[in-house]
There are 2 protein chains.
Amino acid sequence: MEIVINIDDETPLFSQLMEQIKKAVQSGNLSAGDSLPSIRQLANDLDLNNKTVAKAYRLLERDEVIVTRGYRGTFIHEQAKKNSDRDLNAWVALELTKTIDTLKHAGAMDSEIRIAFAEAMKKER
Amino acid sequence: MEIVINIDDETPLFSQLMEQIKKAVQSGNLSAGDSLPSIRQLANDLDLNNKTVAKAYRLLERDEVIVTRGYRGTFIHEQAKKNSDRDLNAWVALELTKTIDTLKHAGAMDSEIRIAFAEAMKKER
DNA sequence: ATATGTACCATTTGAAGTAAGGGTACAAGT
DNA sequence: ACTTGTACCCTTACTTCAAATGGTACATAT
């Protein structure tokens with residue numbers, strides 16, 4: 001499989017990486033159980049920082065598209081194909097939009113919503 | 001009635017002004033129908049900018065604590081005492097906290113929630 | 001003329017957060 | 001020794017926003 005990262009693209013590098021791995025899973029280029037390059041290896045190949053690749057891997061594991069097995073490396077998740085369709089971001093956006101809509105219809109100003117949101121994010125630890 | 005604005009206080013000036021007017025309503029120092037100083041007058045007395053006072057007045061009118069009658073001036077709302085108890089900010093914070101709680105329990109990262117929130121605020125015009 | 005709220009134009013200051021990178025270190029296993 | 005993912009430390013550049021201020025202008029009324 002080949003991965004191409006475009007630095008000029010406005011989408012974050014870790015997002016590009018996630019998208020391409022998900023696409024490879026959906027197209028069948030990557031199948032359940034396949035091993036992925038190590039974080040350091042991939043970072044070196046793509047000329048990215050370790051942290052950038054690690055972030056993509058961390059999120060892909062949370063989405064159950066890949067599985068990390070410590071020193072053994074990283075592999076494609078058994079349900080990767082099914083899970084690579086799910087879009088957590090879209091769901092998050094939908095939930096937030098619904099709530100914001102409610103607040104605005106009640107007359108809340110944008111700044112009030114933003115302040116309250118920032119406070120809520122701080123306190124929810 | 002006397003209003004005291006503390007510049008060293010971390011709470012925004014317009015918020016301080018709103019709070020003090022609401023308190024004056026609750027304590028009975030200001031009653032329904034009482035007239036308030038004009039925006040320019042109050043801004044001058046408290047050494048604030050017109051916009052700062054105007055913002056407080058605008059929000060107090062939205063909360064139905066005061067009523068503006070154009071060139072005639074600004075007055076205490078008929079239901080001011082009842083409405084000065086309601087706290088829109090607290091309700092907004094509660095709604096957002098509930099939604100954020102849901103998102104976090106689903107595994108969403110803080111940054112994802114923040115990005116989605118910013119997008120939702122942009123698109124909801 | 002003068003005063004009312006309001007609506008624009010603008011700027012400055014400060015805070016907060018993301019994305020990305022750099023470095024160092026660790027336990028677990030080969 | 002070497003590699004794995006991971007967890008810290010910190011820095012840089014960029015973006016967005018709130019809050020406050022300043023100025024100009026307007027219709028509406030006295």
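Only heavy atoms go into these numbers, but all of them, side chains included; no hydrogens, no water, no symmetry mates. Order of the sequence lines sets the chain letters (A, B, ...), proteins ahead of strands, with each chain counted from 1.
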Without swapping roles, check the side chain of A/Gln20 against the backbone of A/Val4 for a donor-acceptor pair under 3.5 Å. yes
Can you find an N or O donor on one side and an acceptor on the other, under 3.5 Å apart, linking the side chain of A/Lys51 with the base of C/dG23? yes
When rounded to whole Å, the CG to C1' distance for the pair A/Asn50 and D/dT3 reads 13 Å
Side chain of A/Lys122: nearest nucleotide among C/dT4, C/dA16, C/dG21? C/dA16
Among C/dA19, D/dT4, D/dT6, which is the nearest nucleotide to the side chain of A/Ser38? D/dT4
Is it true that A/Glu61 and A/Arg58 have a side-chain N and a carboxylate O under 4.0 angstrom from each other? no
Side-chain heavy-atom pair A/Leu17, A/Val53 within 4.5 angstrom cut-off: yes
Given C/dG29, D/dG5, C/dG5, which nucleotide is nearest the side-chain atoms of A/Thr68? D/dG5
Nucleotide of C/dT30, C/dA19, D/dA19 approaching B/Phe14 most closely (side-chain heavy atoms): D/dA19
Tell me whether the side-chain N/O atoms of A/Asn49 come closer than 4.0 Å to OP1 or OP2 in C/dA20. no
Just how far, in rounded Å, is C1' of D/dG22 from CG of B/Leu48? 14 Å
For B/Arg40, answer base if it contacts any base atom (sugar-phosphate contacts may also be present), sugar-phosphate if it contacts only those atoms, and nothing otherwise; contact means non-hydrogen atoms under 4.0 Å. base
What is the distance from CZ of B/Arg58 to C1' of D/dA18, rounded to the nearest Å? 13 Å
Between P of C/dA27 and CZ of A/Arg72, the distance in whole Å: 18 Å
Want to settle it: does A/Lys55 or B/Thr74 sit nearer the 5' end of DNA chain C, counting the closest nucleotide to each? B/Thr74
Quick one: list whatever passes side-chain contact (heavy atoms from CB on, under 4.5 Å) with B/Lys22, sequence neighbours left out. B/Leu60, B/Asp63, B/Val65, B/Ser84
Quick check: do B/Asn44 and B/Arg40 have side-chain heavy atoms less than 4.5 Å from each other? no
Check the distance between D/dC14's P and A/Ile7's CD1 and give it to me in whole angstrom. 15 Å
Taking CD1 from A/Ile115 and P from C/dA16, how many angstroms apart are they, rounded to a whole number? 11 Å
B/Gln16 CD to D/dA20 P, in whole Å, measures 8 Å
Measure from the side chain of B/Arg114, starting at C-beta and using heavy atoms only, and say which of C/dA20, D/dA29, C/dT18 lies closest. C/dT18
Spacing of B/Leu36 atom CG relative to C/dG5 atom P, expressed in whole Å: 9 Å
For A/Glu61, report the nucleic acid contact type (base, sugar-phosphate, nothing); a contact means any heavy atom under 4.0 Å. sugar-phosphate
If you find the nucleotide of DNA chain D closest to B/Ala118 and the one closest to A/Tyr57, which residue's nucleotide is nearer the 5' end? A/Tyr57
What nucleic acid atoms does B/Glu112 come within less than 4.0 Å of, heavy atoms only: base, sugar-phosphate, or nothing? nothing
